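The structure displayed is predicted, hence computed values, not measured ones.
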Amino acid sequence: MSRAVDILHGGRWRDIAARVLAAVPLNYAVTSALTMLIARLLPGGAQQASVGATLMSFLIFAGLAMTAFAVRSVSRLWAGLIATGVIAALADWCLIDWGGRL
C-alpha cells in the first residue's frame with residue numbers, strides 16, 4: 001500500500017489521470033465512431049446492423065479501456081486513440097457522403 005502512495009506522490013498521478021481520461025471519455029468517443037462505422041458496413045437491414053454494432057461496441061469499449069492501462073507510453077496511447085477516432089469519423093463521413101445508409 002505504501003508503495004502505491006509513494007508512486008502517486010512521485011508525480012505518477014498525472015500519468016494515471018491521463019490514462020483515466022483516455023480510458024473513459026476518449027474511449028467513449030472512439031467507440032462511438034467505430035460503432036457508427038461498423039453499423040454502416042454490416043450487411044442486412046439497418047435495425048439488425050445497428051443492434052450488431054451496438055453489441056460489438058461493448059467489446060470494443062472494454063478492450064480499449066483495458067489497453068489504456070496496459071500500454072507503456074501514455075503519449076502513444078493518446079495518439080493511437082485520436083488517430084483511430086479521426087480515421088473512423090472520416091470513414092463515416094465518406095460513407096454518408098457517398099450515399100450510405102443513415
Side-chain angles (χ1 to χ4, degrees):
M1 182 70 182
S2 65
R3 183 170 182 256
V5 172
D6 289 341
I7 289 173
L8 286 176
H9 287 296
R12 304 269 298 172
W13 64 272
R14 288 188 188 118
D15 186 47
I16 294 170
R19 289 178 190 272
V20 168
L21 286 175
V24 181
L26 183 60
N27 184 7
Y28 183 81
V30 170
T31 302
S32 297
L34 288 172
T35 302
M36 286 189 294
L37 180 63
I38 292 169
R40 292 183 203 298
L41 295 176
L42 281 178
Q47 294 85 8
Q48 290 176 333
S50 296
V51 170
T54 302
L55 290 175
M56 284 184 192
S57 73
F58 293 113
L59 294 175
I60 294 169
F61 188 88
L64 289 177
M66 288 188 284
T67 301
F69 292 98
V71 297
R72 291 185 181 187
S73 172
V74 175
S75 60
R76 286 186 183 177
L77 168 70
W78 274 80
L81 284 175
I82 289 172
T84 303
V86 167
I87 290 170
L90 285 174
D92 287 332
W93 182 76
C94 288
L95 288 175
I96 291 171
D97 193 42
W98 292 338
R101 65 178 173 215
L102 292 175

Student: Write down the atom of F61, the atom of N27, and the distance for their closest heavy-atom approach.
Tutor: O-ND2, 2.9 Å

Student: Quick check on the hydrophobic clustering: are V30 and L77 connected, directly or via other members, by side-chain heavy-atom contacts under 4.5 Å?
Tutor: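 Yes, V30 and L77 fall within the same hydrophobic cluster.
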
Student: Answer yes if I38 and L90 sit in the same cluster of Ile, Leu, Val, Met, Phe, Trp and Tyr residues linked by side chain heavy atoms under 4.5 Å apart, and no otherwise.
Tutor: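 Yes, one cluster joins them.
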
Student: Would you give the length of the straight line joining atom OG of S32 to atom CG of L37, rounded to the nearest 0.5 angstrom?
Tutor: 12.5 Å

Student: Grouping I, L, V, M, F, W and Y whenever their side-chain heavy atoms are under 4.5 Å apart, do L64 and L26 come out in a common cluster?
Tutor: yes

Student: Between A22 and W78, which heavy-atom pair has the shortest distance, and what is it?
Tutor: CB-NE1, 3.6 Å

Student: Supply the atom-to-atom distance D15 CG to F69 CZ, rounded to the nearest 0.5 angstrom.
Tutor: 9.5 Å

Student: Distance check, rounded to the nearest 0.5 Å: I87 atom CD1 versus I82 atom CD1?
Tutor: 12.0 Å

Student: If every non-hydrogen atom of L42 is compared with every non-hydrogen atom of A53, which pair is closest and at what distance?
Tutor: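 Minimum heavy-atom separation between L42 and A53: CD1-N, 3.9 Å.
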
Student: Indicate the atoms forming the closest heavy-atom contact of A49 with A39, along with that distance.
Tutor: CB-O, 3.4 Å

Student: Under a 4.5 Å side-chain heavy-atom rule over Ile, Leu, Val, Met, Phe, Trp and Tyr, are I60 and V71 clustered together?
Tutor: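 Yes: a chain of side-chain contacts under 4.5 Å links I60 to V71.
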
Student: Quick one: CD1 on I16 to CG on L21, what's the gap to the nearest 0.5 Å?
Tutor: 12.0 Å

Student: Compare every heavy atom of L95 with every heavy atom of L41, then report the nearest pair and how far apart it is.
Tutor: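 Taking L41 first and L95 second, the nearest heavy atoms are CD2-CD1, 3.8 Å.
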
Student: Step by step, would you call D92 with R40 a side-chain contact (heavy atoms from CB on, under 4.5 Å)?
Tutor: CA-CA 8 Å; D92 287 332; R40 292 183 203 298; 3.9 Å; yes

Student: Can you see which heavy atom on G85 is nearest to which on A33, and at what distance?
Tutor: O-CB, 4.2 Å

